[in-house]
Amino acid sequence: MRAWLLNAFGEPLELGELPEPAPGPGEVVVEVAACAIGTGERLIAAGGRQAYTGEAFAFPHVLGYQACGRVARDGCGWNAGQRVVIDGIFTCG
């Protein structure tokens with residue numbers, strides 16, 4: 001999949017390729033049409049949030065957790081083609 005990637009703190013985002021994601025239990029794959037990158041993500045990209053530099057944060061990193069698109073693969077009670085809005089604070093179920 002194509003994505004704008006953060007490869008290092010303080011560096012500009014670069015358009016790159018990542019492997020196609022596979023949904024795990026309780027997950028669904030969404031083909032994203034639009035995604036917001038807000039103040040928090042800009043601080044992370046600049047390296048201003050040092051809490052994200054641990055093992056849980058890996059490069060390359062795709063920023064943004066508020067998005068909209070269509071379900072690409074069935075799962076978690078959603079049907080392929082269904083329109084969705086994603087807010088990172090919610091999970092399936």
Side-chain angles (χ1 to χ4, degrees):
M1 70 175 198
R2 289 183 346 152
W4 286 98
L5 305 173
L6 176 65
N7 291 306
F9 292 119
E11 296 294 323
L13 299 179
E14 293 182 13
L15 187 59
E17 292 283 333
L18 291 175
E20 290 291 327
E27 296 179 339
V28 65
V29 174
V30 173
E31 183 178 332
V32 174
C35 182
I37 296 179
T39 303
E41 287 96 348
R42 290 196 320 265
L43 287 171
I44 292 168
R49 290 211 171 161
Q50 297 305 316
Y52 292 96
T53 60
E55 289 183 31
F57 192 96
F59 294 112
H61 188 79
V62 179
L63 296 172
Y65 62 90
Q66 297 168 323
C68 64
R70 292 183 183 268
V71 174
R73 297 190 189 131
D74 292 352
C76 197
W78 299 92
N79 298 316
Q82 191 170 359
R83 293 179 184 179
V84 293
V85 174
I86 302 163
D87 187 328
I89 63 170
F90 296 108
T91 60
C92 292

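Scope of the values below: all heavy atoms of this structure, side chains included, with no hydrogens, waters or symmetry mates.
- The line from CD1 of Ile37 to CD of Gln66 is 11.0 Å long, rounded to the nearest 0.5 Å.
- Contact annotation: the side chain of Arg2 approaches that of Glu17 to within less than 4.5 Å [non-hydrogen atoms, C-beta and beyond].
- A donor-acceptor pair under 3.5 Å is formed between the side chain of Glu20 and the backbone N or O of Met1.
- When the side chains of ILVMFWY residues are joined at heavy-atom separations under 4.5 Å, either directly or via intervening members, Val62 and Val29 end up in two distinct hydrophobic clusters.
- The shortest non-hydrogen separation linking Gly64 to Cys35 is CA-SG, 3.7 Å.
- Residues Leu13 and Leu15 are members of one and the same hydrophobic cluster, defined by side-chain heavy-atom contacts under 4.5 angstrom among Ile, Leu, Val, Met, Phe, Trp and Tyr.
- Using a 4.5 Å heavy-atom cutoff, the side chains of Val28 and Pro23 are not in contact.
- Counting all heavy atoms, side chain and backbone alike, Leu18 lies closest to Pro60 at CD2-CG, 4.0 Å.
- Residue Glu31 qualifies as open at atom CD: its count of foreign heavy atoms under 6.0 Å is 12 or below.
- Under a hydrophobic clustering in which Ile, Leu, Val, Met, Phe, Trp and Tyr are joined whenever their side-chain heavy atoms come within less than 4.5 Å, directly or via other members, Trp4 and Leu6 fall into the same cluster.
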